[in-house]
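Whatever order the structure lists them in is the order used to number ligands and atoms, beginning at 1.
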Amino acid sequence: MDSLCILVLAAGKGTRFKSHRVKVLHELMGKPMLSWILESVSGLDPEKVYVVVGCQKEEVKREINRKDVAFVHQAEQLGTANAVLAAKDAIKTDLDKDILIINGDLPLLRAETLKALVGKHKREKNDLTFMSAEMENPTGFGRLIFDKEGKVKIVEEREATPEQKKIKEANVGIYVFNAGALLKTLPAISNDNKKGEYYLTDAVEILSQKGSRVGVFQTESPEEIVGVNDRFELASAARKLRLRKIKMLAEEGITFYDPESTWIGEDVKIGMDSVVYPSVVIEGKTVIGKECVLSPSVHIMDSHIGDGVKILSSTVIQESLIEDHVKVGPFAHLRPETVLKKGSKVGNFVEMKKTVFGEKSKAGHLSYLGDSIVGKEVNIGAGTITCNYDGKKKHRTVIEDGAFIGSGVELVAPVKIGKNAYIGAGSTITKDVPPYSLAVSRSPQKQRKDWGRKRRKD
Ligand code: UD1
Ligand code: CA
């Protein structure tokens, strides 16, 4: 599409949010509301994207931080037409170009829907084309009113008569203007209305009455149209985004037993025939392979999971790499930079950090492995702990292939356990153990015969 300039209106505070933060920075599924709309408009390949900021403009600039976006400043929030006026210098660079103006509180909108609107505008060579939606309940939205000659205007909810409020066709808050026509119209908009604001929606009536070409594009996807004004609307928009992602994955062959309770981030990928139980949360740039099982309440962030992996209940995984056919959990915690090699097993209440855990190795119960390198087919007994921190520095533990670590062992790092070595249960290991050796370090057991009998007589 040739020379399209985009203006996102995001200067308002969002009074109905009752928040110290501006509305457009409130998050849906881990991303600020404004980022969702910027993501969709970037699908139009625009020449330039401007965001009108006002309330908390520095915070908005900092959090959005995108190279493809320029910010313009609206000093006082005097209404949507005044917000457009703030970008006057950007609009007037080329009076022939088209300019897409879009409210910043439309996180569900898809690029395809915007493309269809712009397509109609170009085809019909309009001065203004704006989007409408037929809604079950249009409360809060401006309504479209056509006169006998077919000329259209928008009446805001608060200005509408009871009869007008019954109209189901609502203004969405997305407009494509010819830049020249827009600049001529803005000065004609007054603030003579109930809110005392300059309404951009008045441009529709002004252009229409002047006989300019005004087109209405009624979207076929009204479910994308929300104008998030309060936190309950934010929650319901977030729910729709969540279900949209899950539906897409379900269509690609992934089973979700309870989509309502499941949270899958926008950038997450999951392979075919994987199964997702209730209350699973997967965030960030996580990739999950084929035929995996994610049990209830599993939480995964920014991780890479291979094929055929079983992750049991209430396991937390952060920035880790898990190879094929691994079994993890229940109640395991894999902290950043953990690598579980093929076929390994990590069980109940095991925590790992910066640890490479070798092929077919097992750590079944109640262990902590930090800053460790563990070879193949190693057995880590219940309650084994790497003492990796001396109060100042972290130290490394190396356990070579085939080693057997008994239960309740403390490995005081830096320390190395050689290939096929054995460590007796309950040992505190402070020195390297050579391959094939047995190391035991515990005080010998004392026994006092009949001690119990004597005690009972006392
Ligand atoms: C607006 C429309 C209404 C439409 C609805 C769709 C107007 C007058 N009304 O109403 O017809 O049905 O959107 O959701 O436009 N903003 C600024 N500067 C301002 C005021 C607002 O940048 O001075 C921004 C806000 O940050 C927001 C957007 O403009 O992102 C829309 O403002 P909002 O107050 O949500 O408008 P609505 O009352 O919802
Ligand atoms: Ca709104």
Side-chain angles (χ1 to χ4, degrees), residues 6-17 19 21-26 32-38 41 50-57 59-60 64 71-87 100-109 128 130-135 137-145 152-160 164-165 167-175 177 182 185-186 189-206 216 218-219 222 224-234 236-237:
I6 290 175
L7 192 61
V8 182
L9 308 184
K13 178 161 191 307
T15 318
R16 291 164 274 184
F17 261 65
S19 173
R21 267 167 100 65
V22 280
K23 174 164 86 172
V24 290
L25 288 184
H26 277 262
M33 185 162 11
L34 185 55
S35 297
W36 287 95
I37 198 91
L38 291 173
V41 300
Y50 297 93
V51 177
V52 184
V53 288
C55 297
Q56 294 178 10
K57 62 177 185 340
E59 285 86 340
V60 177
I64 296 303
F71 294 93
V72 291
H73 183 217
Q74 183 192 17
E76 260 187 289
Q77 282 60 65
L78 302 176
T80 39
N82 182 259
V84 175
L85 203 58
L100 175 86
I101 301 177
I102 182 161
N103 288 354
D105 57 0
L106 280 156
L108 299 187
L109 197 78
L128 161 64
F130 67 100
M131 197 183 292
S132 76
E134 188 80 25
M135 290 184 187
N137 175 14
T139 308
F141 286 81
R143 310 292 209 285
L144 271 64
I145 300 186
V152 61
K153 67 172 178 179
I154 295 169
V155 175
E156 290 304 297
E157 167 99 16
R158 68 182 72 78
E159 326 272 338
Q164 289 171 333
K165 280 187 188 157
I167 295 169
K168 301 269 185 217
E169 191 174 13
N171 174 38
V172 164
I174 311 171
Y175 321 80
F177 281 96
L182 174 62
T185 311
L186 286 176
I189 295 175
S190 85
N191 63 350
D192 182 16
N193 52 50
K194 285 208 175 133
K195 228 181 163 189
E197 282 190 357
Y198 297 90
Y199 292 164
L200 181 59
T201 44
D202 286 354
V204 171
E205 184 177 12
I206 294 168
V216 179
Q218 194 185 99
T219 174
E224 290 172 20
I225 309 308
V226 290
V228 179
N229 292 320
D230 60 38
R231 297 201 201 210
F232 192 69
E233 287 176 1
L234 182 77
S236 75

Closest non-hydrogen atom pair between Val72 and Tyr50, with its separation
CG1-CD2, 4.2 Å
Asp105: its N/O/S atom lying closest to the Ca ion (ligand 2) (atom name)
OD2
For ligand 1, give me the residues whose heavy-atom distance to it is below 4.0 Å, by chain and number please.
Leu9, Ala10, Ala11, Gly12, Arg16, Lys23, Gln74, Gln77, Leu78, Gly79, Thr80, Ala83, Asn103, Gly104, Asp105, Phe141, Gly142, Glu156, Asn171, Val172, Tyr199, Thr201, Gly227, Asn229
Donor-acceptor under 3.5 Å (Glu134 side chain, Lys168 main chain)
no
Just jot down the ring pair (Phe, Tyr, Trp, His ring centres under 6.0 Å) partners of Tyr199, sequence neighbours excluded, or say none.
none
Taking C-beta and beyond as the side chain, do Leu182 and Tyr175 meet within less than 4.5 Å on heavy atoms?
no
Under 3.0 Å from the Ca ion (ligand 2) - does any N, O or S atom of Asn229 fall there?
yes
Is a side-chain N or O of Asn193 found less than 3.5 angstrom from the main chain of Glu197, in a donor-acceptor match?
yes
Are the side chains of Val226 and Glu233 in contact, using a 4.5 Å heavy-atom criterion?
no
Is any side-chain heavy atom of Phe177 less than 4.5 Å from a side-chain heavy atom of Val84?
no
